[in-house]
Amino acid sequence: MHETGPFSTPSIRDFVPEKLKPWIIIFFVIVFQFSGGIYLAAVSEMVGSLALMQEDILMAGYACMVGMGLTFTIMFRLKFRFPTKTAFLTCAGALIICNLICVHTNSVPVLVATSFVAGIFRMWATFECNSTVQLWITPKRDLSVFFCYIYLLVQSCIQLSGIVTVYTGHWANWEYMHWLVIGLLGGVMLATVLLFRSYRSMRKLPLFGIDWLGGLMWGLTLLCIIFVCVYGEHYDWFNSIYIKQATGIGIILLALNLWRASFIRHPFIAIQTFTYPAMYTTFLLYIVIDILLAPSHILEHIYLESILNYDELHIISFNWIILLAVIVGSGFTYFTFARHKWRYKTMTLIAFTAIAGYLMWFYFNIDYNLSKESLYLALFLRGFAYVVIAITFLTALSRVPFQHFFQAISVQSFVSAGFGGVLGTAIIGRVLNVIMKKNVILLGSSLDRVNPLVQHIPSNQLYGALQQQALMVSMKEIYGWLALIALFCILLFAIKESVLRPEYAIHPRYRMIRRYIKHQLRMRDKTKEERNQEKHLKKQGNLVG
C-alpha cells in the first residue's frame with residue numbers, strides 16, 4: 001500500500017522522497033506557465049522577422065488567453081478522465097508541437113489557431129499541477145489561501161517569462177525562446193516517464209455530455225470581440241467592413257449561445273451562472289479595472305519609448321518591480337484576507353486606492369526628464385493593486401454553487417485574461433487619438449510663419465516638438481480623468497455596505513447592531529399599525545354612537 005499522510009501524491013513513484021514530490025509538481029507548473037503559442041514580450045522582433053503587423057501578433061497572443069479561459073469549464077472532467085501521467089505527457093507533447101508550428105509559420109490564421117490550442121493545453125496542465133498540490137498548500141481547502149498561491153505563481157511567471165523572452169531575443173533571436181521552452185517541456189516529459197505512474201483514485205469518467213459546440217461558439221465570440229478591439233484603430237473602426245462583419249458575427253454567436261443554453265440539458269456555460277451577484281459584480285468591476293489600468297499597455301510604452309527613449313532592456317527591467325509588487329501583494333492578501341478574514345469591501349478599497357495612487361502619480365509627475373528610479377513607486381502600486389483585486393474577486397466566486405463554480409471562473413477569465421485588457425487598451429487608445437488631435441490644434445494655432453518666435457526654427461523640427469508636447473498634454477489629461485474615475489469608484493464603495501455582500505464579511509458586532517436596529521424599526525412600524533387600528537376603531541365607535 002502507498003503510504004498516506006497529511007499529504008501524498010500517489011501518482012509519483014514510491015522511491016521519490018515525499019517531501020520532494022510537491023516541489024516536482026511546482027517545477028512542472030512553472031515550465032507550463034512559461035510555455036505558450038506566442039510570447040508577447042517579443043512582439044517587436046516578431047513583427048520585423050515575420051513581416052506581420054503588431055496587431056497580428058497581439059491577436060495570436062490573446063487567442064491563447066481565450067483558450068485558457070474556456071478550459072476551466074471542463075477541467076474536472078479532464079482530471080477524472082485521464083490520470084496525471086497521461087495529462088502531463090499529452091499537454092507537454094501538444095505544447096511542443098504548438099511551439100514548433102509558431103516558429104516555422106508566418107500565417108496569421110495558423111498562429112491564432114495554434115495559440116488557441118496551446119492555451120487549452122497550457123491551462124489543462126496548470127490545473128492538473130495545482131489540483132495535485134492543493135492539499136499540500138492548504139489542508140483545509142481554504143480557497144482564499146489557495147488563490148493567493150495561484151496568483152503569486154501565475155503573475156510571477158508572467159513577469160519572469162517576459163524578462164527571459166526579451167533577454168533571449170537580445171542575446172540571440174526571439175525563436176530561441178521557443179526552443180528553450182521546447183527543451184524544458186522535453187525535460188518534463190522525461191521526468192514524467194521516469195517518476196510518475198498511471199494511478200487513478202476513482203473510476204474513469206468518460207467525456208460525455210460536454211457541450212463542445214457551445215464551447216466553440218463562446219471561443220469564436222471572444223475572438224470576434226478581440227478582433228474588433230485589436231484591429232479597430234488599424235481599420236478605422238466601423239468605417240471598415242471587417243470590423244462590421246466581426247461585430248455582427250460576434251453578436252449573432254452570443255445570441256445563439258445564450259438561446260441554446262436556455263433549453264439544452266448541459267450547456268457549456270449555463271445562464272444561471274450570470275445570475276449570481278458575485279459573478280456579475282466582479283465581471284463589471286473587472287471591466288472598470290481594465291479601463292483604469294489600460295495606460296500600462298499603451299500610454300506607458302509610448303512614454304517610455306518615445307519620450308524617455310528607453311530601449312527594450314530598460315523597459316523589461318521594470319518587470320522586476322512588478323514581480324516585487326506581486327510578491328508583496330500576494331503576501332499582504334494572504335495575511336489580511338486569507339488569514340485574518342478582512343472584508344471584501346476593505347480589500348477592494350485598498351486595491352482601488354492603489355490604482356488611484358498609480359494614476360495620480362503619473363498625472364502629477366509625468367515629465368520629459370523623469371528618472372528611471374522615480375517610476376518604481378507607480379509601477380509597484382499598479383502591480384500590487386491588480387494582485388489584490390484578482391485574489392479578492394476570484395475568492396468571491398466561491399459563493400457560487402459548485403455546479404456553476406468553474407463556469408463562473410471561465411466567465412471571469414473571459415474579461416480578466418481575455419478581452420478585458422484589450423478592450424481597455426482600445427478605449428484608451430481611441431481617446432488618446434481624439435484628445436491628441438484636439439491638443440495639436442490648440443497648441444499649434446499660433447505656430448506659423450507670422451509668429452517671429454518660430455520663424456528661425458525648421459518646420460519639421462517645429463512640428464515634431466508640437467506633436468511631442470501634444471502627446472504629453474494628452475497623456476496627462478487621460479491620467480487625470482482616469483484618476484477622477486478611480487476616486488469616484490472609491491467614493492461609491494465607501495458609501496455602500498459591501499461590494500460583494502458576503503454575510504461573513506460583516507463584523508459580528510456590526511451584525512448584532514444591524515439586527516437591533518431592524519428589530520426597533522419593526523417595533524416602531526408595529527406600534528404605528530396598532531395606533532392606526534385604535535384610531536379606526538374609535539372612529540367606528542363614534543359613528544355607531
**Message:** Check for me whether the distance between the ring centres of Phe82 and Trp124 falls short of 6.0 Å.
**Reply:** yes
**Prompt:** To the nearest 0.5 Å, how far apart are CH2 in Trp237 and NZ in Lys244?
**Reply:** 14.5 Å
**Non-hydrogen atoms of Ala294 and Thr425 that approach each other most closely** = CB-N, 3.8 Å
**Any side-chain heavy-atom pair of Val288 and Cys489 under 4.5 Å** = yes
**Message:** If we count only N and O atoms by modelled type, under 3.5 Å, do the side chains of Ser161 and Gln33 hold a donor and an acceptor together?
**Reply:** no
**Side chain proximity check, Arg382 to Glu300, heavy atoms < 4.5 angstrom** = yes
**Prompt:** Between Thr282 and Gln412, do the side chains contain an N or O donor and an N or O acceptor separated by less than 3.5 Å?
**Reply:** yes
**Request:** Specify whether Phe76 and Phe80 have parallel, tilted or perpendicular ring planes, treating 30° as the upper limit for parallel and 60° as the lower limit for perpendicular.
**Result:** tilted
**Request:** Please determine if Asp211 and Arg265 form a salt bridge, counting it only when a charged side-chain N lies under 4.0 Å from a carboxylate O.
**Result:** no
**Asked** Do any N or O atoms from the side chain of Ser296 and from the backbone of Leu293 form a donor-acceptor pair under 3.5 angstrom?
**Response** yes
**Complete:** In this structure, CG of Asn173 is separated from CE of Met46 (nearest 0.5 Å) by 10.5 Å
**Prompt:** Is a side-chain donor-acceptor pair under 3.5 Å present for Trp179 with Glu175?
**Reply:** no
**Prompt:** Step by step, would you call Phe318 with His314 a side-chain contact (heavy atoms from CB on, under 4.5 Å)?
**Reply:** CA-CA 7 Å; Phe318 288 115; His314 281 87; 5.7 Å; no
**Prompt:** Just by modelled atom types, is the Ile101 backbone N or O under 3.5 Å from a matching donor or acceptor in the Thr105 side chain?
**Reply:** no
**Prompt:** Within the distance-only criterion (no hydrogens, no angle test), does the side chain of Gln407 pair as donor or acceptor with the backbone N or O of Ala270 below 3.5 angstrom?
**Reply:** yes
**Request:** Taking the six-membered ring for Trp and the full ring for Phe, Tyr or His, determine whether the centres of Phe419 and Phe414 are under 6.0 Å apart.
**Result:** no
**Request:** Work out which heavy atom in Cys102 is nearest to a heavy atom in Thr114; give both atom names and the distance.
**Result:** SG-CG2, 3.8 Å
**Message:** Would you say the rings of Tyr280 and Phe274 are close, in the sense that their centroids are separated by under 6.0 Å?
**Reply:** no
**Request:** Report yes if some heavy atom in the side chain of Arg122 is under 4.5 Å from a heavy atom in the side chain of Cys91; otherwise report no.
**Result:** no
**Under 3.5 Å: donor-acceptor pair, side chain of Asn99, backbone of Leu95** = yes
**Asked** So which heavy atom on Ser115 is nearest to which on Ala60, and how close?
**Response** CB-O, 3.0 Å
**Request:** Without swapping roles, check the side chain of His104 against the backbone of Leu100 for a donor-acceptor pair under 3.5 Å.
**Result:** yes
**Prompt:** Going by heavy atoms in the side chains, are Asn257 and Phe268 under 4.5 Å from each other?
**Reply:** no
**Where Ser44 and Glu312 come nearest, the two heavy atoms and their spacing** = OG-OE1, 4.2 Å
**Prompt:** In terms of heavy-atom contacts, does NZ of Lys437 have more than 12 from other residues, nucleotides or ligands at under 6.0 Å?
**Reply:** no
**Prompt:** side-chain hydrogen bond (donor to acceptor under 3.5 Å, both in side chains) with Ser410: which of Thr273, Thr71, Thr73?
**Reply:** Thr73
**Request:** Rounded to the nearest 0.5 Å, what's the gap from CZ on Phe116 to CG on Leu111? Could you check?
**Result:** 15.0 Å
**Item:** Within-4.5 Å side-chain heavy-atom neighbours: Leu423 and Ile225
**Value:** no
**Request:** Measure from the side-chain N and O atoms of Asp56 to the backbone N and O of Leu52, and report whether any donor-acceptor pair falls under 3.5 Å.
**Result:** no
**Prompt:** Roughly how far, to the nearest 0.5 Å, is CG of Leu258 from OG1 of Thr221?
**Reply:** 8.5 Å
**Message:** Applying the ring-ring contact (aromatic ring centres under 6.0 Å, His included) criterion to Phe352, which one of Phe488, Tyr358, Phe493, Phe384 satisfies it?
**Reply:** Phe493
**Message:** Within this structure, what is the CG-CD distance for the pair Leu482 and Glu477, rounded to the nearest 0.5 Å?
**Reply:** 10.5 Å
**Request:** Locate the shortest heavy-atom distance separating Gly219 from Leu70; write the atom from each residue and the value.
**Result:** CA-CD1, 3.6 Å
**Gln468 atom CD: more than 12 heavy-atom contacts under 6.0 Å** = yes
**Prompt:** Do Cys64 and Ile38 pass the side-chain contact (heavy atoms from CB on, under 4.5 Å) test, and can you show the C-alpha distance, the side-chain angles, and the key distance before you say yes or no?
**Reply:** CA-CA 8 Å; Cys64 180; Ile38 292 294; over 6 Å; no
**Prompt:** Between Ser156 and Leu153, is there a donor-acceptor pair closer than 3.5 Å when you use the side chain of the first and the backbone of the second?
**Reply:** no
**Message:** I'd like to know if the side chain of Ser398 reaches the main chain of Thr395, judged simply by a donor and an acceptor atom lying under 3.5 Å from each other, with no hydrogens or angles considered.
**Reply:** yes
**Message:** Parallel, tilted or perpendicular: which one describes the rings of Tyr276 and His404, with boundaries at 30° and 60°?
**Reply:** tilted
**Prompt:** Does Lys476 count as lying over the ring of Tyr363, i.e. NZ or CZ under 6.0 Å from the six-ring centre, within 45 degrees of the axis?
**Reply:** yes
**Prompt:** Going through the distances and angles, do Leu471 and Tyr303 end up as a side-chain contact (heavy atoms from CB on, under 4.5 Å)?
**Reply:** CA-CA 9 Å; Leu471 178 61; Tyr303 179 64; over 6 Å; no
**Request:** Decide yes or no for Leu432 and Leu299: does some side-chain heavy atom of the first lie under 4.5 Å from some side-chain heavy atom of the second?
**Result:** yes
**Asked** What pair of heavy atoms forms the shortest contact from Ile271 to Ala261, and how long is it?
**Response** CG1-CB, 3.8 Å
**Rounded distance [0.5 Å steps], CD1 in Ile391 versus OG1 in Thr333** = 4.0 Å
**Check: Phe406 ring centroid to Phe72 ring centroid under 6.0 Å** = no
**Request:** Answer yes or no: is there a side-chain heavy-atom contact under 4.5 Å between Ile366 and Trp361?
**Result:** no
**Side chain Thr275, main chain Gln272, donor-acceptor under 3.5 Å** = yes
**Message:** For Phe362 and Leu375: C-alpha separation, side-chain torsions, deciding distance, then whether side-chain contact (heavy atoms from CB on, under 4.5 Å) applies.
**Reply:** CA-CA 9 Å; Phe362 268 102; Leu375 294 168; 4.0 Å; yes
**Request:** Verify the distance criterion only: is there a donor paired with an acceptor across the side chains of Tyr368 and Gln469 at less than 3.5 Å?
**Result:** yes
**Message:** Within the 4.5 Å heavy-atom criterion, are Ile210 and His266 side-chain neighbours or not?
**Reply:** no
**Item:** Side chains of Asp236 and Tyr231, donor plus acceptor under 3.5 Å
**Value:** no
